[in-house]
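Attaching a single structure in structure tokens format; questions to follow.
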Amino acid sequence: MPEGHTIHRLARDHRPLLVGRTVSLSSPQGRFATGAELLTGRVVTRIEPYGKHLFYGFEGEQHLHVHLGLYGKWAGGVGPAPEPRGALRLRMVAGDHWLDLRGPTACEVVEPHERDAVVARLGPDPLRRDADPERAWARLSRSRRTVGELLMDQAVLAGIGNVYRAEVLYRAGVSPFRPGRELAREEWDPMWVDLSALLRAGVRAGRIVTTEREDRERRSGTARRDDAHYVYRRHGLPCRRCGAEVRTQVMAGRNLFWCPVCQAV
DNA sequence: GCTAAATGTTGAT
DNA sequence: TCAACCTTTAGCT
């Protein structure tokens, strides 16, 4: 489930398994091999997430660049690795641990300047300590594009996907159709803070939960198991706060969800 | 069992 | 704007 929280969680989980260790890499899928085997025998020096991109740094200043895309997934375990099945793009083995990568959009060995080029075209990532929210504000506040489009643009903000877009706008009470330039600074600053908090909670939980505990508890009598979101994929259902029907419409190529009452303007 | 859709991006039209 | 990439799952039958 790859928005930024998934990528940062993977970096956190993979560091103790890989950093400082000699790793062997193989690409059983063959036809999608991207030279990863050439890194076999080298030591992993660091693992860095930027937005939805993940970079595994190796001795010799080369990096393995991974982008999970829509369906990419890592699996792993301890002990002998299972027989490779299906489209297994990459297997990494370090000591007792094995890690299998399936279905990524990107899995390639890159030079430092290529890594830098990827990072350079990304906006600030709210999960990174070195993120500069002013860069995002500079883009948002000058744009005629809608805030619903801007939040999905990785050059404006890195790591936000379709779930966080819908949920953070709902929590801010901002219409996705508002042009970025009509967003007030006093509205945007709390949204950045909220995004950071939601993403951090997502890293901890390993999934996206954007509803407040009180909201979930208040509804507990009605026993909906799936109460992790306010509006995402809830079109046609009543808004959890006002009861109006949650709506959906394609924006920036993805299904947008919003409450027409709570997010009227 | 089958189909459609899904938390994403790229490159062609 | 749309197809392609490629995997999993939800919701049908």
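We name chains A, B, ... by the order of the sequence lines, and we start the count at 1 in each one.
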- Return the value, rounded to whole Å, for the distance between atom CZ of A/Arg234 and atom C1' of B/dA5. 19 Å
- Task: Using atom CG of A/Leu256 as one end and atom C1' of B/dA5 as the other, report the distance to the nearest whole Å.
- Result: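 Distance check: A/Leu256 CG to B/dA5 C1' gives 17 Å.
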- Task: Output all residues satisfying side-chain contact (heavy atoms from CB on, under 4.5 Å) with A/Glu61, sequence neighbours left out; order by chain, then residue number.
- Result: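 Result, side-chain contact (heavy atoms from CB on, under 4.5 Å) vs A/Glu61: A/Arg46, A/His63, A/Pro112.
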- Message: Would you say the ring centers of A/His5 and A/Tyr164 fall short of 6.0 Å from each other?
- Response: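 Yes, the ring of A/His5 comes within the 6.0 Å limit of the ring of A/Tyr164, centre to centre.
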- Task: Would you jot down, in residue-number order, the residues of residues 159-173 of chain A having a non-hydrogen atom under 4.0 Å from DNA chain B?
- Result: A/Gly161, A/Asn162, A/Val163
- Task: Name all residues meeting the side-chain contact (heavy atoms from CB on, under 4.5 Å) criterion together with A/Arg129; count only those two or more places apart in sequence or in a different chain, and write none if there are none.
- Result: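 By the side-chain contact (heavy atoms from CB on, under 4.5 Å) rule, A/Arg129 matches no residue at all.
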- Message: My understanding is that only residues two or more places apart in sequence, or in another chain, count here; which of them pass salt bridge (charged side-chain N to carboxylate O under 4.0 Å, His left out) with A/Glu114?
- Response: none
- Can you sort out the partners of A/Glu212 under side-chain hydrogen bond (donor to acceptor under 3.5 Å, both in side chains), two or more places apart, ordered by chain and number? A/Arg171
Would you tabulate the pairs of protein nitrogen or oxygen atoms and nucleotide nitrogen or oxygen atoms of nucleotides 7-10 of chain C closer than 3.5 angstrom?
from	atom 1	to	atom 2	distance (Å)
C/dT7	OP1	A/Ala87	O	3.2

Produce the list of close N/O pairs, under 3.5 Å, pairing protein atoms with atoms of nucleotides 1-4 of chain B; give distances to one decimal.
none

- Using whole Å, report how far CG of A/Leu68 lies from C1' of B/dT7.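 Distance check: A/Leu68 CG to B/dT7 C1' gives 11 Å.
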- Whole-Å distance separating the CD atom of A/Glu3 from the P atom of B/dT9: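 My rounded result for the distance is 9 Å.
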- Please name all residues satisfying salt bridge (charged side-chain N to carboxylate O under 4.0 Å, His left out) with A/Asp116, sequence neighbours left out, ordered by chain then number. none
- Message: Please enumerate all residues that pass salt bridge (charged side-chain N to carboxylate O under 4.0 Å, His left out) together with A/Arg185, with sequence neighbours excluded.
- Response: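 Listed in chain order: A/Glu134, A/Asp189.
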- Could you tell me the separation between the OH atom of A/Tyr232 and the P atom of B/dA5, rounded to a whole number of Å?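 From A/Tyr232 OH to B/dA5 P: 13 Å.
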- Message: Parallel, tilted or perpendicular, judged at 30° and 60°: which one describes the rings of A/Phe55 and A/His65?
- Response: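 Plane angle under 30°, so parallel.
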- Item | salt bridge (charged side-chain N to carboxylate O under 4.0 Å, His left out) involving A/Asp132 - partner list, sequence neighbours excluded |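 Partners of A/Asp132 by the salt bridge (charged side-chain N to carboxylate O under 4.0 Å, His left out) criterion come out as none, since no residue qualifies.
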- Task: Measure from the side-chain heavy atoms of A/Arg121 and tell me the nearest of B/dT7, B/dT10, B/dT9.
- Result: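 From the listed options, B/dT10 comes nearest.
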- Rounded to whole angstroms, how far apart are CZ on A/Arg254 and P on B/dT10? 13 Å
- Would you please confirm or rule out a distance under 4.0 Å between OP1 or OP2 of B/dA6 and any side-chain N or O of A/Asn255?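 True: A/Asn255 side-chain N/O within range (under 4.0 Å) of B/dA6 OP1/OP2.
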- Atom-pair distance (CG on A/Leu151; P on B/dG8), nearest Å: 12 Å
- Message: Going by the rule side-chain contact (heavy atoms from CB on, under 4.5 Å), which residues pair with A/Thr146 if we only count those two or more places apart in sequence or in a different chain?
- Response: A/Glu149, A/Met251
- Can you sort out the partners of A/Ser143 under side-chain contact (heavy atoms from CB on, under 4.5 Å), two or more places apart, ordered by chain and number?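 A/Ser143 satisfies side-chain contact (heavy atoms from CB on, under 4.5 Å) with A/Arg145, A/Leu150 once adjacent residues are dropped.
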- Task: Between C/dT1 and B/dT7, how far apart are the C1' atoms? Round to whole Å, please.
- Result: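 Going atom to atom, C1' in each nucleotide, I get 22 Å.
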- Query: Rounded to the Å, how far apart are A/Leu70 CG and C/dA4 C1'?
  - Reply: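 In whole Å, C/dA4 C1' lies 12 Å from A/Leu70 CG.
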